There are 2 protein chains.
Amino acid sequence: MDNINIKKLAKELNISTSTISRAFNGNTDINKDTKERILAYAKQHNYLPNHYASNLRDKKSNTLAVIVPEIANDFFSQAINGIEEVARKKGFYILLYRTDDVFEKEVSFVNYLNNGKADGIIMSVSGEANDHNYLRQLEKKHVPVVFFDRVYEDIEAAKVTTNDYDSSFAATEHLIKTGCKKVAYLVVNKSISIGKVRMQGYMDALARHKIAFDDNLVIDCSNDEKVNYKILKKALQEIRPDGIFSSVERLAFATYYVCNDIGISIPNDLKVISFSSLRVAPLLSPPLSTITQPAYEMGVKAATLLFDVLENNGNTPKKEHVLKSKLFIRKSSIGE
Amino acid sequence: MDNINIKKLAKELNISTSTISRAFNGNTDINKDTKERILAYAKQHNYLPNHYASNLRDKKSNTLAVIVPEIANDFFSQAINGIEEVARKKGFYILLYRTDDVFEKEVSFVNYLNNGKADGIIMSVSGEANDHNYLRQLEKKHVPVVFFDRVYEDIEAAKVTTNDYDSSFAATEHLIKTGCKKVAYLVVNKSISIGKVRMQGYMDALARHKIAFDDNLVIDCSNDEKVNYKILKKALQEIRPDGIFSSVERLAFATYYVCNDIGISIPNDLKVISFSSLRVAPLLSPPLSTITQPAYEMGVKAATLLFDVLENNGNTPKKEHVLKSKLFIRKSSIGE
DNA sequence: TTGTAGGCGTTATCAG
DNA sequence: CTGATAACGCCTACAA
């Protein structure tokens, strides 16, 4: 009796398949004794309803797809934790997908999800500059989407973000107040999404303090660590900023490495502040000033919104939710 | 035409469902033009085969379950990356589950997987001291399991671990050679699995150097950060070790925090070395000496082994694979 | 309270 | 090369 199923069980118990089904689905129209007998026998024989059959019938998968650019990253892994927490309480499971920031991977995965594989999608996107029609098809299939952190403005869906503009403004202003005259902005892609908003905060803070914006101080980096190291080394040596506002944590780390190697002292020669979810930021040398997004809470919020839509049959109004980041001023950005 | 399916498509195209099915499954028995016509029309109408129906027929889910104690953790998130990389190449997807180190969650999830939800499982376990029969039932269902890092010795399955004993011996010996007379061992649960093996390496290194083992120097911590802080503070003040070998990265961080607060200087007063996958360990103050497991490679290996079993119809011999960790000696453990 | 039967969407088999 | 048909395992009307 290797592959047990509802029919075999029914035969062995001399009972109908419907009754068994009822025993497993919290149906009240069933005799308590019968139910117990079924469950006991099922457990003994290691029977559980087959998910694919159930899902095929119900058109429900009890699965959430989570799409992120990276997994091994403090921000995203904490956000995933938050999503998982909510999903678990609802009896949902997480199908995880990493895009590596490659738009095509995102598209291919989303298309794959087009057919009942997941009941909803939570994603942080990677392809702002592209055509997002592939996402519109999900609507037709009634697969709701919630964006978090990195969103597509042109897609109508629930969105969970942080007050990036304000944080960036505050961080830049902090550097200025602490004495910096030449604050550089580190970014991976200045023309899209997050990099853009954060840059606006940076620019406006400069303007407020009557510091002329200098395009050379916007340092556009890549996703390759070695390349970034070179770019930053060159920038620090040639442009010689006295402050760094980094929109991405790994660029701040790269800055630390470069400074260690070429003998620039943080914060004496250069003050640094960065977006970062690194939990040991206070233990760095020097402790890194950070703008820390509430990653876990963002995950929780995104998942909660998704369940709102799911449970209201897709009729919930789309909303944008902005959570607040926290500014932690530490030694890396404090003047003498 | 909201919910398209193979039958509607067949009707619209005036063609049979079998032909459509063939078009989607790389079947050669189909006219090229027909195939192209089908695929084009399907794309236009946003049709893709329903996964649940396919899986129900094929008894294949193309999904791998990954079970880990935590996600927001450098080691596990890098390992998941490795698993994902391999899975993706095989066209598989990842169902992720976090146990929070709670055995019951592990059991409940594995039981849930008992019915075709996943074709295989990769897990790092949480319940060494318990009954593992729930895992044996997976064998009956032909759902192969691969363990990584934390394994159950009493379950026969492929296992991917690191040379923990050797690394622990080497780390302890390093501290001794650097001048430590009183090396403490930090552990979360000394009696099981990893904590046990690592402790053995520690003890044997002491013995080799004729240092008497002192039970007070084994500092058993918890999963609660605040509790750990208190335990460590007390230990550092009262027992006053001059070296710390930590089997878990977060205990090393806690040590740093305590030392900062009570004015113990690392490495002058206390030398520290720890298992850790933190990528910015060189940037800590002081840079942390680490035993770093090849997390990504372990994930790759585990996934590869799982596919070996899957592709050989479960007939592959079970094997244990031991990868090597790297010892990075940095300032936190170097004498003056 | 329980049983019967049809269908969820797909694909493998077999026949043409 | 294409079509008809019977499963895959389950659940829900509906009937009893």
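Lettering follows sequence order; numbering is per chain, from 1. None of the values given here were measured: they were computed from a predicted structure.
- In this structure, B:K117 atom NZ and D:dC10 atom C1' are separated by 15 Å, rounded to whole Å.
- Neither OP1 nor OP2 of D:dC1 sits under 4.0 Å from any side-chain N or O of B:T34.
- Atom-to-atom, CD1 of B:I38 to P of D:dC1 comes out at 13 Å; the value is rounded to the nearest Å.
- Five base pairs at each end of the helix from C:dT1-D:dA16 to C:dG16-D:dC1 define two local axes, and these are offset by 40° (rounded to 10°).
- B:N130 pairs by the side-chain hydrogen bond (donor to acceptor under 3.5 Å, both in side chains) definition with nothing, not counting sequence neighbours.
- When each of B:D58 and B:I30 is assigned the nucleotide of DNA chain D with its nearest heavy atom, B:I30 is the one assigned upstream, toward the 5' end.
- Residue pairs meeting the salt bridge (Lys or Arg N to Asp or Glu O under 4.0 Å) criterion with at least one partner in residues 84-96 of chain A, sequence neighbours excluded, are A:E84-A:R88, A:E84-B:R98, A:E85-B:R98, A:K90-A:E311.
- Between A:N55 atom CG and D:dC11 atom P the separation is 10 Å, expressed in whole Å.
- With respect to the salt-bridge test (charged N to carboxylate O, under 4.0 angstrom), the residues A:K301 and A:D308 do not qualify.
- Side-chain contact check for B:T99 and B:S126: at least one donor-acceptor pair (N or O, by modelled atom type) lies under 3.5 Å.
- Considering only side-chain atoms of B:S21, the nucleotide from C:dT11, D:dC1, D:dT12 that sits closest is C:dT11.
- Pairs passing the salt bridge (Lys or Arg N to Asp or Glu O under 4.0 Å) check and including a residue from residues 105-125 of chain B, sequence neighbours excluded, read B:D100-B:K105.
- Separating the CG atom of A:N31 from the P atom of C:dT1 is a distance of 6 Å, rounded to the nearest angstrom.
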The contact string for nucleotides 3-9 of chain C, one letter per nucleotide 5' to 3', using protein heavy atoms under 4.0 Å with B, S and - for base, sugar-phosphate only and none, comes out as BB-BBBB

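- Evaluation of the salt bridge (Lys or Arg N to Asp or Glu O under 4.0 Å) test over residues 47-69 of chain B, restricted to residues two or more places apart or in two chains, returns none.
- Summarising the geometry, the separation between CD1 on B:I20 and P on D:dA4 is reported as 12 Å, rounded to the nearest angstrom.
- A donor atom on one side chain and an acceptor atom on the other are found under 3.5 Å apart for A:T19 and A:S16.
- Comparing B:N115 and B:K32, the nucleotide of DNA chain D nearest to each residue sits closer to the 5' end for B:K32.
- Centroid-to-centroid, the aromatic rings of A:Y296 and A:F75 stay 6.0 Å apart or farther.
- Rounded to whole Å, the distance from CZ on B:R37 to P on D:dC1 is 15 Å.
- Ring centroids of B:F109 and A:Y93 are separated by less than 6.0 Å, placing the two rings close together.
- Atoms NZ (A:K8) and P (D:dC8) sit 9 Å apart, rounded to a whole Å.
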